[in-house]
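Start at 1 and go down the list; that is how both ligands and their atoms are numbered. These numbers come from the heavy atoms of this one structure, side chains and all, not from hydrogens, waters or symmetry mates.
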Amino acid sequence: MTDFTMTTDADGVATITWDVQSKSMNVMSTEAFLALNGLIDQALADAAVKGIIITSGKKDFAGGMDLNVIAQMRAGGAQAIFDGVMQMHHVLRKIERAGMDPKTLKGAKPIVAALPGTALGIGLELPLSCHRIIAADNPKAKIGLPEIMVGIFPGAGGTTRLSRKLGAMMAAPFLLEGKLSSPKEAKGAGLIDEVVAPEDLLKRAKEWVLSATDADLVKPWDQKGYKFPGGAPYHPAGYMTFVGASAMVHGKTMGVYPAAKALLAAVYEGALVPFDTALKIEARHFTSVLMNPSSSAMIRSLFINKEALEKGANRPAAADQSVKKLGVIGAGMMGAGIAYVSANAGIEVVLIDASQEAADRGKAHSEGILDKGMKRGKVTAEKKAEVLGRITATTDYAALAGVDLVVEAVFEDPKIKADVTHKVEAAVSADCIYATNTSTLPITGLAAASKRPEQFIGIHFFSPVDKMMLVEIIRGKATGDKAVAKALDFVRQIRKTPIVVNDARFFYANRCIIPYINEGIRMVAEGVEPALVENAAKLVGMPLGPLQLVDETSIDLGVKIAKATKAAMGKDYPDEAVDHVLFWMADQGRLGKKGNAGFYAYSDKGERLGLWEGLDHKYPLDKVQPSLTDVQHRLLFAQVLEAVRALEEGVLTDIREGDVGAILGWGFAPWSGGPFSWLDIIGAARAVEICRGLTAQFGPRFHAPALLREMAEKGETFYGRFGDEKAAA
Ligand code: NAD
């Protein structure tokens, strides 16, 4: 059974149905595309066929290209990619021309795309080559071109067709930001032509096929006198658009995402030439992006491996552990957020705090988020009532009867946490799993307060809980498989991405992010221009510079963590130079963004104004400033060496988790695919060489770990050595 089949009815309307038997969502493979080509040839050649409907046998049209295929395409090299893409253009162009006489523009057969639901990527590029796109009014459907989100861009004509259809300005959100729309929004934006009741979809498609005139079948760009909407680059309005777009793209991406630049170049250059040449230009830029290691690393981490982790790649075998009723202890910033995301996912929640007032405040947090959603038209009054109805805010531990998972998010104090553990265990049944959201305290130590340490686990959320997609699951020494399965099933229910790590100081994410912040602060103490530090970070793709990051997480928290770490490490503590700055800032009362004063200055309204001038007085600038690359190497190696050590020590057991966790947890340069992908891009030998230089200049914290040195000697890569499967623990 092939992915596409065709039937022709008595009225001469052929229906090509896309239905990939082995998958719940259609995705395009190379073979399927060839099969589609064959059916189109057949229908165009058959005098009995008057027109064609392309639709899906599933509730959705298509999720896009099989990204595994894209990953494989690269293996053939640039020419093979280019030839493959041109072949695709050829087929789609054949659909678009549909047998018309190129001179008279007459004689084409109408081809309509009938979309029952979601249509993404090639699932929209194929319809864009048809003469009309009709979608079912399915509010759950998402229509768009999300390729840019995984480091590529629409390369099957979507870039050229959409920009010529809408103009560069109107197409920008769909091409450059991967914006997805409901069918009605897509119709409003001009992405598709018609929205009809689901039951009328095929009827209406057939009606259109049978009534279409020759003029309906000629795309604007195939008509004489076609003008690029909004103006081509050398038109005064077009000039403004393209200059603005270039500045905007660079401002947002800092030039580190090859796909965004290439996309813009394809639109700009394509707008200056005839349509078929524009497709060729699109294909050349697409090939260059696919050949760039950044795109393969992004696809691997942000799509393939992220999905694998969400599907439970590292879940121990155990029966379904979905959470039915959740207890959350501590209704502060984190507990309130955890209660919200859980109730929003349909889970009953008992939210406990020490006072009723605090518990109610925690529940009000959900109300606030839902109200914002209502203002944006994303949440209905019924949905709000439903979600709030699932949260019981109380001080009474007896309300925990029947919960099957508890997440503790009280103050970061082992004594308070132990007390809560005792109280919870007295109130819940013996098979309830107990999780702590601690960010710094080892799980194994906290589990000592539990009667059932095999059911005790870390479930570490990031702030703000409703926005941050990563959840770090931490196995204590005694944590059993059932607890891990429970945590993973819970994370799946709330639609976040899990990584599972072993217990160690700061687990994985904080272990890597703290050295990044510290390296930035250390440079300030050395007299490096703070603006250089911040900009170097952003220019290498970090979302926030280290100084802004410590302002956002708060300087007093930094002080607290530094004191606790020093107490634990004693004379081995390596960060005195950092503390000098951090403690001084705290003494000045500059506690970060929350206090409107930190490494940055803020307005009374809390807007960030610029780096605080007082820093330069206290830490005078060195006359000779380091190069941008040196600063970037310090900031990146501070993080990636920690990731390698975490792998070496068995805290991380899977490099996929290391990469996905770094991007989702602390925004590690997404263009690189994560710390391990980045090291693979530059190569272990080069990494070791850079480490040698950094160690000589700045000290042993940059000493390359043995694993990296060994890999450099053997010429290995992380993905080569540890594969896509679990790394040897
Ligand atoms: P918070 O101070 O905002 O909230 C803590 C809440 O716990 C308060 O409402 C407090 O009244 C309540 N509480 C204290 N003792 C209690 C008790 N004995 N019984 C019931 N309730 C009690 O703190 P937070 O930022 O939400 O942090 C909570 C936990 O989450 C900490 O362990 C922290 O390390 C961890 N964490 C915080 C972040 C973050 O960014 N803030 C991120 C990840 C993890």
Looking at [atom], what's its closest protein heavy atom, distance included?
| atom | result |
| --- | --- |
| atom 16 (C) of ligand 1 | V410 CG1, 3.7 Å |
| atom 19 (N) of ligand 1 | Y397 OH, 3.8 Å |
| atom 9 (O) of ligand 1 | D353 OD2, 2.7 Å |
| atom 40 (O) of ligand 1 | S463 CB, 3.3 Å |
| atom 2 (O) of ligand 1 | F411 CE2, 3.3 Å |
| atom 35 (C) of ligand 1 | N437 O, 3.2 Å |

Quick one: which ligand 1 atoms are inside 4.0 Å of a heavy atom on [X]?
| X | answer |
| --- | --- |
| I416 | 15 (N), 18 (N) |
| K417 | 31 (C), 32 (O) |
| T438 | 32 (O) |
| A354 | 20 (C), 21 (N) |

message = Measuring from atom CD1 of I494 to atom CD1 of I459, what distance do you get when rounded to the nearest 0.5 angstrom?
response =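 It is 8.0 Å, given to the nearest 0.5 Å.
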Options [options], ranked by nearest heavy atom to [atom], top entry:
| atom | options | answer |
| --- | --- | --- |
| atom 32 (O) of ligand 1 | E412, M333, R361, E357 | E412 |
| atom 28 (C) of ligand 1 | A409, G332, A358 | A409 |
| atom 37 (C) of ligand 1 | K415, M334, K560, E472 | M334 |

Can an N or O of [X] be found at a distance shorter than 3.5 Å from an N or O of ligand 1?
| X | value |
| --- | --- |
| E408 | no |
| H460 | no |
| D419 | no |

ask   = At under 4.0 Å between heavy atoms, which part of F461 makes contact with ligand 1: side chain, backbone, both or neither?
value =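 Looking at F461 and ligand 1, just backbone atoms fall under 4.0 Å.
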key: Within reach of ligand 1, part of S439 (heavy-atom separation under 4.0 Å)   =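 It is both backbone and side chain that touch ligand 1.
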Trace of the side-chain hydrogen bond (donor to acceptor under 3.5 Å, both in side chains) decision for Q455 with S450 = CA-CA 9 Å; Q455 285 167 223; S450 170; over 6 Å; no
key: Modelled atom types, side-chain donor and acceptor of E408 and T421, under 3.5 Å   =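 No - no donor-acceptor pair under 3.5 Å links their side chains.
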task = Answer with yes or no whether the side chains of N314 and D654 bring together a donor and an acceptor at under 3.5 Å.
result =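 There is such a pair between these side chains.
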task = Sort and list the pairs that fulfil side chain to side chain donor-acceptor pair (under 3.5 Å) and have at least one residue in residues 545-554, not counting sequence neighbours.
result =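 Qualifying pairs, neighbours excluded: Q548-E552, D551-Y602, S554-D556.
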ask   = Do you know which two heavy atoms are closest between G658 and Y508, and how far apart they sit?
value =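 So the two residues come closest at O-OH, 2.8 Å.
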key: Heavy-atom pair with the smallest gap, counting every atom of R701 and R634   =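 Taking every non-hydrogen atom into account, NH2-NH2, 3.5 Å.
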Tell me if the [atom1] atom of [X] is crowded by more than 12 foreign heavy atoms within 6.0 Å.
| X | atom1 | value |
| --- | --- | --- |
| E613 | CD | no |
| K363 | NZ | yes |
| K252 | NZ | no |

request  = Could you list all the ring pair (Phe, Tyr, Trp, His ring centres under 6.0 Å) pairs where at least one residue sits in residues 433-485, not counting sequence neighbours?
outcome  =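 Listed by first then second residue: Y434-F456, H460-F462, H460-F507.
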task = May I ask whether atom 23 (O) of ligand 1 is less than 4.0 Å from at least one protein heavy atom?
result =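 Within 4.0 Å of atom 23 (O) of ligand 1, no protein heavy atoms are found.
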message = For W678 and F637: C-alpha separation, side-chain torsions, deciding distance, then whether ring-ring contact (aromatic ring centres under 6.0 Å, His included) applies.
response = CA-CA 11 Å; W678 183 66; F637 275 91; 5.4 Å; yes
ask   = For ligand 1, is V420 a contact, meaning one of its heavy atoms is under 4.0 Å away?
value =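 Per 4.0 Å heavy-atom rule, V420 contacts ligand 1.
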